[in-house]
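Have a look at the structure below, then the notes.
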Number of protein chains: 2
Amino acid sequence: MTVSQIQVLLVEDEPAQRELLAYNLEAEGYAVRRAENGEEAMMLIDEAAPDIIILDWMMPLLSGIEVCRRVKTRPETREIPVIMLSARSEEVDAVRGLDTGADDYVIKPYNLRELMARVRNQVRRVRPAASGEALTFDDIALNAETHRVMRGEQEIKLGPTEYRLLVTFMEKPSRVFSRDQLLDMVWGRDIYVDTRTVDVHIARLRKALTKQGGTDPIRTVRGTGYALG
Amino acid sequence: MTVSQIQVLLVEDEPAQRELLAYNLEAEGYAVRRAENGEEAMMLIDEAAPDIIILDWMMPLLSGIEVCRRVKTRPETREIPVIMLSARSEEVDAVRGLDTGADDYVIKPYNLRELMARVRNQVRRVRPAASGEALTFDDIALNAETHRVMRGEQEIKLGPTEYRLLVTFMEKPSRVFSRDQLLDMVWGRDIYVDTRTVDVHIARLRKALTKQGGTDPIRTVRGTGYALG
DNA sequence: CAGTTATGTTACAGTTTTGTGACGGCATGG
DNA sequence: CCATGCCGTCACAAAACTGTAACATAACTG
């Protein structure tokens, strides 16, 4: 509801993958345009420049690598963020070596949430107004761009995990998250970590948030998980 | 636990189809159990009744039609929504003609988003609380997403069991539940506890609900059980 | 009404869940 | 190389919740 809707160009030849991703992007509020191959992608880019491009690197007709190179070469499209999807980490290295200028790389099979986060990140870079930047809850303010957290006038210093934890909470205040959900969202879907680790980080986050006074904003929901507020 | 996560039973013999769908369901927060054929499906249903069944109609061993017929025949599973997937619209007519009692039909190849919407629809019918909606009864409001219970302006603090108990009641207001039913739904199918334990928790729930004034919303049905309203 | 049965209520001891400080490992950046 | 900071795990402490038994009260029966 800020300015206009954010345009995502999704380039992926495998229909199932494409629709899965498109579905999720649309659920997040993006306008998705689809392309099956590099050639189609270039046509759509010429037609109307998207805000961000998600690009499978292996495609018929015109590879993702080449598309990326062209986008990053032309002055009028150079600023558009490109996220490259590739099948394995070795490929990422290879692609990176080709110096296509992609802004981010995601290895398949990707964690959907993580990919979404990366999309958000790139979008924020180019369209700061479009993605709600400063989250606030009560007297806590979190600036996603600067990674700064303030409580009242005081700055709160957080470690990376505590920060992500807080972001997760602040994106959906009051919502209860199970420990498993938090592990998925904050640590990553395939990480194996004891669920009690969540408790420890909650404790650390609590300590940091209440260090300079103020009430504990995190609510424990016994038998279920935690929530902000 | 019947109250927290929604259990989907996904019955589909084609692995690619099955996994694609399962992936998406899980991304939406459903707990997915998979079956490759009708026989397996029936076994899983007996083991623990799911909240909803998604059923491919054409399968080896025991067809979706037959599974559906059995589910809809047995009293203890009759209420479970069944969504049938079939390959073409003519088949839908045919299946509909067989009067299996399926609650919805989706034609393959389906639009994933539409299917998800239909799943949500069916779930809402049977488990309103689990679908992120606020339940209300009289001046009591229960939000499943935040796990918060309000009576008027006051927040009601409940223990886990009392909370689940209240959710169960509020999903079907006015319906009378026997102690055994409540044990099944709130405690779990295979837990052994004295049926009088239900009375104790009812008392605790009553106390919590009336602590800050207001009338007792729980009705005792002598010789049978309890009901809300 | 007295007897009988079902439900309400309370206290409590045992169990489960959560809070938290301590510690060793690992990476990062001098 | 060392210092620093962060992380995950463990172990123990604290808190919250649970089921049961026992007794009180209410509702039904004839």
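Note on naming: letters A, B, ... go to the chains in the order of the sequence lines (proteins, then strands), and numbering restarts at 1 for each one.
- The interatomic distance linking A:Arg219 (CZ) with D:dA16 (C1') rounds to 16 Å, in whole Å.
- Contact between the side-chain N/O atoms of A:Trp187 and the OP1/OP2 oxygens of D:dG8 is found at a separation under 4.0 Å.
- By the 4.0 Å N-to-carboxylate-O rule, A:Arg18 lies too far from A:Asp56 to be salt-bridged with it.
- A:Asn121 and A:Arg118 form no side-chain donor-acceptor contact under 3.5 Å, judged by distance and modelled atom types alone.
- Defined by atom type and a distance below 3.5 Å, a donor-acceptor pair is present between the side-chain atoms of A:Thr220 and A:Arg206.
- Straight-line distance from the OH atom of A:Tyr192 to the C1' atom of D:dT9: 11 Å, rounded to whole Å.
- Below 30°, between 30° and 60°, or above 60°: for B:Phe169 and B:Phe177 the angle between ring planes is above 60°, a perpendicular geometry.
- When the P atom of C:dG8 is taken as reference, atom CG of B:Asp216 falls 9 Å away, rounded to whole Å.
- The distance between atom CD of B:Glu162 and atom C1' of D:dA16, rounded to the nearest whole Å, is 11 Å.
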Check nucleotides 11-19 of chain C for protein N or O atoms closer than 3.5 Å to its own N or O atoms and list the pairs.
residue	atom	partner	partner atom	Å
C:dT17	O2	A:Arg222	NH2	2.9
C:dT18	OP1	A:Gly223	N	2.6
C:dT18	OP2	A:Arg179	NH1	3.4
C:dT18	OP2	A:Arg179	NH2	3.3
C:dT18	O5'	A:Arg179	NH2	3.4
C:dG19	OP1	A:Arg206	NH1	2.8
C:dG19	OP1	A:Thr220	OG1	2.7
C:dG19	OP2	A:Tyr226	OH	2.5
C:dG19	N7	A:Arg196	NH2	2.7
C:dG19	O6	A:Arg196	NH2	3.2

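- Of the candidates D:dT18, D:dG8, D:dT20, the closest approach to any side-chain atom of B:Val193 belongs to D:dT20.
- Ionic pairing of A:Arg70 and A:Glu66 is present here: one or more N-O contacts between side-chain nitrogen and carboxylate oxygen are shorter than 4.0 angstrom.
- For B:Ile191 and D:dG19, the CD1 to C1' distance is 12 Å, given to the nearest whole Å.
- Ring-plane geometry between A:His201 and A:Trp187 is classed as perpendicular, the angle between the planes exceeding 60 degrees on a 0 to 90 degree scale with a lower cut at 30.
- Comparing atom distances between the B:Thr197 side chain and each of D:dT18, D:dT20, C:dT10 picks out D:dT20 as nearest.
- Remark: A:Lys207 is in phosphate contact with C:dG21, judged by side-chain N or O atoms under 4.0 Å from OP1 or OP2.
- A:Gln122 CD to A:Asp103 CG: the interatomic distance, rounded to the nearest 0.5 Å, is 4.5 Å.
- Using a cutoff of 4.0 Å between basic side-chain nitrogens and carboxylate oxygens, A:Glu28 and A:Arg120 are scored as salt-bridged.
- Minimum heavy-atom separation, B:Glu79 to B:Arg125: O-NH2, 4.4 Å.
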Output one line per pair: protein atom, nucleotide atom from nucleotides 27-30 of chain C, and distance, for all N/O pairs under 3.5 Å.
none

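- The OH-C1' distance, from A:Tyr163 to D:dC6, rounds to 17 Å in whole Å.
- A straight line from CD1 of A:Ile218 to P of C:dT20 spans 11 Å, rounded to a whole angstrom.
- Following rounding to the nearest Å, B:Leu183 (CG) and D:dG19 (C1') show an atom-to-atom distance of 11 Å.
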